[in-house]
Amino acid sequence: MNLLTGRKQLSLVQESELQLMGASQYKTFLAENKVLSSATSRDAAMVDRVGARISNAITKYYDSKGEGSILQGYQWEFNTVDSKEVNAWCMPGGKVVVYTGLLPVTQNETALAIVMGHEIAHAVAKHGSERMSQALVQQLGGMALEVALSEQPKQTQDLFLQSYGIGSEIGAILPWSRQQETEADQYGLIFSAMAGYDPQEAIPFWQRMTAAGGANPPEFLSTHPSDETRLRKLQQFMPEAMKYYTPRN
Ligand SMILES: [Zn+2]
């Protein structure tokens, strides 16, 4: 059962194994992309700041409730890559990337926190692990991750990237399920609020993101399909999220 959501999930892979794989895939990704330094880029400094605030706030919160195991093994890293792509993601263990192409849609730090909170919620709710487990069953005949990695390394790595919403590099986009989206919205709002960012910014942000769609929807919209249902659910989750919100001075 998932510690965060309480939902039963298919889980054939140890979280610790996925965190190890995440750390190595993250390193490879950063080596192959143009990473901005937070010393010289205001955008990268903003991503760092939002990431530190969210990760500190949720760590403190779950520790104080005696539920620190929800974030077991997390070693947070936040990086900004210079890319036109409209995207952001979080690998297991807290390895986050924001693409600069996302920033014209977020437009402000609060909306960036909404997106990062949402991506972190996908990871903490183990949605990627769930998809990776399904992929191992459906595409590799229920192979254990370790075996799959040694026998089918390329395919296994591609399945991993796809499971965490990193599709464009391998030309395969896999949308999150509606249930996963709903959970990521619900907890993402709470995570942003805990970090001192107004969760109500989620509504105008998703309106802007939806408007950015059309014939050639950005990567982020392909993996996070948006419609009226999302906006309605966000409104529904808002009163709960607001209980966690104290504005920063
Ligand atoms: Zn999502």
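Numbering starts at 1 and runs along the sequence shown. When a ligand or atom number is given, it counts from 1 through the structure's own listing order.
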Short side-chain donor-acceptor distance under 3.5 Å, Y26 and N79: yes
Taking the basic N atoms (NZ, or NE/NH1/NH2) and the acidic carboxylate oxygens, is any pair closer than 4.0 Å for E219 and K84? no
Considering residues, nucleotides and ligands other than R178, do more than 12 of their heavy atoms fall under 6.0 Å from its CZ? no
For a distance under 2.8 Å, tell me if H127 has an N/O/S atom near the Zn ion (ligand 1). no
Nearest to the Zn ion (ligand 1), which N, O or S atom of H224 do we find? NE2
Under a plain distance cut-off of 3.5 Å, with no hydrogens placed, do H122 and E183 share a side-chain donor-acceptor pair? no
Vertex the Zn ion (ligand 1), arms to H122 NE2 and H118 NE2, rounded to 10°: 100°
With a cut-off of 2.8 Å, does any N, O or S atom of E181 fall short of it relative to the Zn ion (ligand 1)? yes
